[in-house]
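Inspection log for the structure reproduced underneath, given as structure tokens.
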Amino acid sequence: MKKTVVSLALAASLSLGVVGSPATAVHVPEVHFNQGHFDQKVVNKIDADKIYNNIELLAKQPRVAGTEAEKLASQFIKKQFESYGYDVDIQPFTFYGYTPPTSIELNVDGYTDELAPTSFTYSVNGNVTGELADAGLSTKVQLEDVDLTGKIALIQRGEISFGEKVLNAAEKGAEGVIIYNNAAGALNGTLGEHNDDYVPAVALTKAEGEALKASAGNSATLNVEGAEAGDRTSQNVIATKKPTNKKKDTGDIIVIGSHYDSVAGAPGANDDASGTAMTLELARVLKNVPTDTEIRFATFGAEEVGLIGSYHYVSTLSDDEISSTIANFNLDMVGSKDAGDLIMRTVNGQPNLVTELAQNSSKKLNGTATPYGQGGSSDHVPFAAVGIPAALFIHSPSEPWYHTPEDTIDKISKEKLQDVGEIVGAAVYDRARFDNKGPKPKKGPKVKATHEMIFNEAIK
Ligand code: BES
Ligand code: ZN
């Protein structure tokens, strides 16, 4: 089994926030229509009830990357693809995972108010007692003449990453670390990756941290238990539709993708059983339609812990396959009743073949072209990073249930599923059918994924 090594993607159950600038300007440029006849064959077959039923089956429980539930979901997806007549490829990969602590206790002598510490992803376990010491921002400069030997460092969020703060304090002898927020609200952070030099680290709110400063000098006890880091296995599930007629093979490949894992505690009906079930439906509908382009239906594992499955998939592509892949349609959160309108997001905010095809199809179907803007945070990022035209299909603004236990089947809209399924189905078919006269693929510039495109506020 190949181990995917993607340094940017080596993380973390991030539970907060959105990467990139999701609310950036949305452009609706002039759309020039493909004058070729518009085949209703695909559109008419898309059945929102079938998508809905598969969401319901997938979203009975959370599907956390590397767990048995995720594996069961992969087997369900494989069976569905097979029932439509596909050969299915299971692509396993390993990644370094983290299971959060089962208990965290923090007590400070003389401090009687309630404290509700939360963990940082990649915090180590430990039961430590020592003097509580105000360590400011815990930068190297600030700690230069500070000795934290045997102490528990109380640190403010800001300037450098959480991981660096913990390492700087540990280097000065701290046995434990408390980092408090610098703005209102809970701090759901990650140390970014595992490090043998970490000491137990927990988070507090701004109010808790500032109140605790008055107790600096008192004895404190910090106990973190049950955290576990180590190798986990996940898998991508891929069904391939070869061009119908070898002689008419354009050599082009289109990837329709989605992720089937969820965050812990969330059944992930919309994020992203919706995209997975839509990928299945598009596979069903397109199965016997004559096409001159290869179509891959790829459902990825381990998206929620750093886009690991899609990075792995892209890492297995040959240079030839990369240059033959003309489009990646990424379906992630495509059916919430409580979210806004459909939008496409590209990593650099620029239009590409995917947005062009979908603007054509949406204009024909609905009279208005689906707008696009800039955004990362999902499985189109690894495709864009190697220069493949890619876009995320999502409703914006997101529903309030995003990444919560309330992301359940009752929040799913069949109308939205039907709409997105038709737009994407027609867009793909427009390009993949014989004698297409649709837009020619333009290879975008290679967009190197920056750390900010992949991770969010959670590291700093
Ligand atoms: N479906 C989300 C991405 C998303 C949500 C994009 C809302 C735009 C608006 C995806 O599953 C997710 O949660 N991604 C992670 C990033 C990843 C690198 C771990 C995120 O945004 O925290
Ligand atoms: Zn998602």
Side-chain angles (χ1 to χ4, degrees), residues 6-24 26 55 58-59 62-66 70 73 95-98 121-122 188-190 192-193 234 257-279 299-312 330-336 338-347 349 372-385 390-404 407 420 449-460:
V6 183
S7 62
L8 290 178
L10 275 178
S13 319
L14 308 185
S15 55
L16 188 107
V18 171
V19 181
S21 21
T24 44
V26 161
I55 297 173
L58 280 162
R63 302 170 299 284
V64 176
E70 193 204 36
F95 64 99
Y96 197 78
Y98 180 78
T121 302
Y122 292 115
N188 287 303
T190 174
E193 59 187 348
S234 177
S258 51
H259 71 91
Y260 66 90
D261 65 316
S262 77
V263 297
N270 198 43
D271 186 10
D272 184 28
S274 67
T276 302
M278 194 174 290
T279 304
T299 65
F300 301 113
E303 187 266 359
E304 298 285 5
V305 290
L307 319 179
I308 314 258
S310 49
Y311 267 111
H312 178 74
N330 176 25
L331 313 177
D332 191 359
M333 301 171 65
V334 288
S336 176
D338 308 301
D341 292 333
L342 182 64
I343 182 174
M344 296 177 280
R345 297 204 181 275
T346 62
V347 170
Y372 62 85
Q374 189 271 332
S377 318
S378 185
D379 291 320
H380 57 303
V381 173
F383 288 85
L392 163 67
F393 290 74
I394 190 165
H395 294 105
S396 183
S398 303
E399 63 278 13
W401 330 118
Y402 168 57
H403 283 185
T404 75
D407 181 6
V420 184
T450 64
H451 203 265
E452 277 68 34
M453 286 170 186
I454 297 171
F455 292 101
N456 56 18
E457 282 297 288
I459 62 156
K460 209 166 165 186

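Order of listing sets the numbers, starting from 1, for every ligand and every atom in it. Because only heavy atoms are used, hydrogens play no part in the values below, and waters and symmetry mates are left out as well, while side chains stay in. Since the structure is predicted, the reported quantities are computational estimates derived from the model, not experimental observations.
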Atoms of ligand 1 under 4.0 Å from any heavy atom of E303, numbered from 1 in the order shown, are 10 (C), 11 (O), 12 (C), 14 (N), 19 (C)
Going by the 4.0 angstrom heavy-atom rule, the piece of S398 near ligand 1 is side chain
**Message:** Is D271 close enough to the Zn ion (ligand 2) that one of its N, O or S atoms comes in under 2.8 Å?
**Reply:** yes
N270 vs W401, test: side-chain hydrogen bond (donor to acceptor under 3.5 Å, both in side chains). Steps then yes/no. CA-CA 9 Å; N270 198 43; W401 330 118; over 6 Å; no
Can a donor-acceptor pair be found, under 3.5 Å and without considering hydrogens, that links the side chain of S274 to the backbone of V334?
yes
In this structure, the Zn ion (ligand 2) sits at the vertex of an angle between NE2 of H259 and OD2 of D332 that rounds to 10° as 90°
*Look at ligand 1 and say whether G375 reaches it with a heavy atom at a distance under 4.0 Å.*
no
- Sub-3.5 Å donor-acceptor pair from the side chain of E70 to the main-chain atoms of A302, do we have one? yes
Between the OH atom in Y260 and the CG atom in L58, the distance rounded to the nearest 0.5 Å is 10.5 Å
Quiz item: Does even one non-hydrogen atom of H403 get within less than 4.0 Å of ligand 1?
Solution: yes
Within 4.0 Å of some non-hydrogen atom of D271, the atoms of ligand 1 are 1 (N), 2 (C), 11 (O)
Exactly one candidate in N330, D271, T299, T279 meets side chain to side chain donor-acceptor pair (under 3.5 Å) with H259; the answer is D271
Near H259 (heavy-atom distance under 4.0 Å), the atoms of ligand 1 are 11 (O)
Do any nitrogen or oxygen atoms of S378 come within less than 3.5 Å of a nitrogen or oxygen of ligand 1?
no
(message) Between R345 and H380 (side chain of the first, backbone of the second, donor and acceptor by atom type, cut-off under 3.5 Å), is there such a pair?
(response) no
message = I'd like to know whether ligand 1 has D272 as a neighbour, heavy-atom separation below 4.0 Å.
response = no
Quick check against the 3.5 Å criterion: does D261 have a side-chain atom that pairs as donor or acceptor with the backbone of E304? yes
For the pair S262 (side chain) and R63 (backbone), establish whether a donor and an acceptor sit closer than 3.5 Å, ignoring hydrogens and angles. yes
With heavy atoms and a 4.0 Å threshold, my read on which part of V263 contacts ligand 1 is neither
Under 4.0 Å from one or more heavy atoms of G306, ligand 1 contributes atoms 19 (C)
